[in-house]
Amino acid sequence: MESIMNLMEGFGLALSPMNLLWVVVGCLLGTAVGVLPGLGSSMAVALLLPMTFALDPTGAFIMFAGVYFGGLFGDSTMAILMNTPGQASAIASTFEGHRMAKAGRAPQALATAAIGAFIGGMIGSIVVVFLAPALADFSANFGPQEFFALALFAFVATSSVVADSILKGLCSLIIGLGIAVVGIDQTSGAERFSFGVPQLFDGISLVTVTVAILALGEVFHIASRVRRDPTNRVIQAKGRPFLSGREFREALPAWLRGTGIGLPFGVIPAGGADVPTFVAYGLERQLDRRRKKPQFGKGAIRGLAAPEAAGNATTGTAMGALLSLGLPISATAAIMLAAFEQYGLQPGPLMFDRSPDLVWALLASFFIAMVVLLILNLPFAPLWAKLLAIPRPYLYAGITVFCGMGVYATSGSTFDLLMLLGIGLLGFALRRFGVPLAPLMIGMVLGPLFETSMRDALASSNQSYGVFVDGPIPVAIYALLALSLAISIVGRVRSKARKDT
Amino acid sequence: MSQSQPSAPSHPVGDAGSPAARGWWHGRSGLFLAAFMAAFSTYLLVGILTMAVPDGADAPGPQFVPLIITVAGYILAVLLAVHYIRTPEPAVTPTFTAEDDATEEERRAAEAAATVQYRTFSDWYAVGWSVAGFLAFALFLNVLGWILGAALLFWCVAHGIGSRRHLFVASLGLLLSSFIYLAFDVGLGLSLPSGLLGGVF
């Protein structure tokens with residue numbers, strides 16, 4: 001009940017004209033970058049990160065939430081109309097969604113996706129409102145060994161369980177951790193890896209790395225391929241974007257099942273919404289095979305409804321995990337954690353006590369964002385597809401200018417611009433060789449927590465390594481980690497065996 | 001996959017496509033990753049060895065975690081090198097990702113495009129223009145000022161990606177950079193350099 005009271009106060013703040021404006025701006029921006037080819041919500045949040053310095057924290061995070069959810073809506077529009085997923089989490093939607101569009105049911109497919117994303121996001125947000133304060137209370141007495149276990153879990157899960165190649169995932173993680181240790185050591189005051197360069201005393205700026213890896217490197221990567229890869233055609237959606245009663249009843253169970261699958265994944269650091277969307281798609285296909293007239297392969301509405309709901313449900317609960325545990329599960333969540341730190345806020349157990357206004361206004365803005373996005377996307381999805389008319393050279397040139405602006409505006413130095421270029425080239429190389437970028441972001445953002453909790457734990461126990469398995473919570477986290485590693489290894493071996501036969 | 005289409009083999013790939021004709025390095029450019037990991041680990045190792053640790057720092061000291069990262073970095077560099085030497089990447093043919101809803105005409109065009117042999121996987125002309133544009137932007141921003149510097153950056157990237165309407169792109173770039181200057185410097189109060197045009201505004 002207390003949660004509801006707090007949420008009502010949050011609505012009071014979030015519905016102020018200025019904050020409402022930021023929600024709408026965030027939703028518009030998020031949908032736009034989601035629709036544009038090659039751009040996802042992580043790039044949008046990366047480009048916006050420097051600009052938040054001109055906003056108050058509440059407005060900034062409300063806008064981020066709009067961008068984060070809006071990116072998911074926009075991605076699915078392109079997945080359906082163009083068979084081009086903007087992020088990995090929209091891949092599962094392309095299978096049946098694009099088939100529906102080809103079969104002349106593009107408006108229905110768009111509506112199914114928008115309503116599914118709405119239902120998943122709404123239920124996810126409701127769960128967060130009731131669960132996040134409890135989770136924060138639970139984690140309030142976490143010591144260094146618990147945080148060490150959580151950080152280690154996030155590292156191993158994102159670099160090994162989710163990544164296609166464990167080797168490349170670990171490389172990405174190690175680069176991120178290496179970037180995080182540059183600068184003056186907070187515990188001892190030792191100057192580390194700066195080699196006397198004063199600009200490195202405070203470490204390499206999170207903003208610079210984020211913009212370099214997720215935006216500038218991405219532009220270089222697109223530039224390297226854009227004139228060589230053929231583009232896909234866009235299917236025009238004509239007709240009223242509404243579902244008939246029969247279609248609605250057909251999709252409803254899939255929406256709910258997808259939401260159910262997506263919810264727990266927000267709290268498990270398994271790389272965001274990619275895994276649950278595939279799990280939801282797979283489940284619907286299994287169920288479909290048992291029906292009298294299987295629909296899959298011909299544009300099954302359920303094959304689109306379930307992953308859409310799952311993706312947004314995961315994103316919703318992921319925000320809960322970020323706020324109450326300080327645990328990011330995807331690159332976008334890692335950037336938001338970095339943004340909190342820029343404002344001197346520490347997401348985690350204390351956040352609900354120290355800045356309740358911000359937290360509850362942010363949670364309330366999730367609900368507002370869902371409604372705004374449904375309005376923006378349900379009737380207007382075909383209009384968004386018109387954004388594709390922007391010629392690509394101008395689009396990517398504009399993004400490059402925004403990269404330069406963001407970093408220069410926060411640092412005001414040529415050094416940081418050159419650093420941006422260098423790390424951007426590294427990001428390009430990583431993309432070129434198929435190295436996942438999320439482990440790098442998570443390694444960089446959680447690196448300091450990982451290091452300080454490890455050293456605190458060892459210092460308080462007189463160098464006894466037994467401290468890391470002292471207590472039921474760390475042991476439970478390691479057990480969960482071992483379990484998810486085992487499942488992923490079994491899955492890999494099986495899929496290899498299937499390929500060989 | 002377009003290469004599994006029956007009509008695909010009708011476009012014979014010449015000798016230039018066979019791995020032997022392309023030299024040992026072809027498909028092994030991923031060794032760059034291994035070299036980068038080794039270089040990055042060496043940077044950390046030199047830093048650890050030359051670090052001045054203040055007296056009285058609690059053990060484990062500031063070198064402990066970086067040492068773990070360094071060792072892991074070297075191991076990964078070796079594993080990556082072994083991976084790319086043993087299994088070079090196959091020559092990548094551009095795939096027509098939406099091949100199943102393409103018309104015959106489009107499919108033929110895509111397959112013709114797929115037989116064009118590029119010497120490198122990446123379009124270094126486009127990347128080169130983008131990188132050079134950004135380098136010039138970074139170095140001359142304070143002299144040129146935001147409006148001219150950003151317009152130059154815009155022009156270089158657009159040119160690299162393939163726009164050939166030079167004057168139009170230049171004016172578009174100026175329009176965008178002026179708009180950003182007005183919105184973010186004058187409007188939101190971020191500080192962008194005025195440079196050469198400082199006297200005008």
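Numbers restart at 1 for each chain; the letters A, B, ... are given by sequence-line order, proteins then strands. Just so we're clear, the structure is a prediction, and the values are computed from it rather than from any experiment.
- For the pair B:Ile48 and A:Arg192, the minimum side-chain heavy-atom distance is 4.5 Å or more.
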Between B:Ile68 and A:Met454, is the side-chain contact (heavy atoms from CB on, under 4.5 Å) condition met? List the steps. CA-CA 12 Å; B:Ile68 300 175; A:Met454 181 186 207; 3.9 Å; yes
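- With chain B as the partner, the residue from A:Leu216, A:Thr187, A:Leu425 showing the most heavy-atom pairs under 4.5 Å is A:Leu216.
- Residues A:Tyr408 and B:Pro193 have side chains in contact (heavy-atom distance under 4.5 Å, counting atoms from C-beta outward).
- Listed options A:Leu458, A:Val219, A:Leu167 were ranked by heavy-atom pairs under 4.5 angstrom with chain B; first place goes to A:Leu167.
- Interface check for chain B: of the options A:Gln186, A:Met405, A:Glu191, A:His221, the most heavy-atom pairs under 4.5 Å are formed by A:Met405.
- Between A:Tyr394 and B:Val169, the closest side-chain pair of non-hydrogen atoms falls below 4.5 Å.
- Looking only at side-chain heavy atoms (C-beta outward), A:Val401 and B:Phe137 stay at 4.5 Å or farther from each other.
- When A:Asp185, A:Thr414, A:Leu421 are compared by the number of non-hydrogen pairs under 4.5 Å with chain B, A:Leu421 comes out ahead.
- No side-chain heavy atom of A:Leu417 sits under 4.5 Å from any side-chain heavy atom of B:Leu139.
- Judged by distance alone, with hydrogens and angles left aside, the side-chain atoms of B:Tyr43 form a donor-acceptor pair with the main-chain N or O of A:Phe193 at under 3.5 Å.
- Between B:Phe184 and A:Phe402, the two ring planes are perpendicular [angle over 60°; tilted spans 30° to 60°].
- Looking at B:Leu80 and A:Cys171, their side chains come closer than 4.5 Å, going by heavy atoms from C-beta outward.
- No other option in A:Ser194, A:Ala180, A:Gly404 has as many heavy-atom pairs under 4.5 Å with chain B as A:Gly404.
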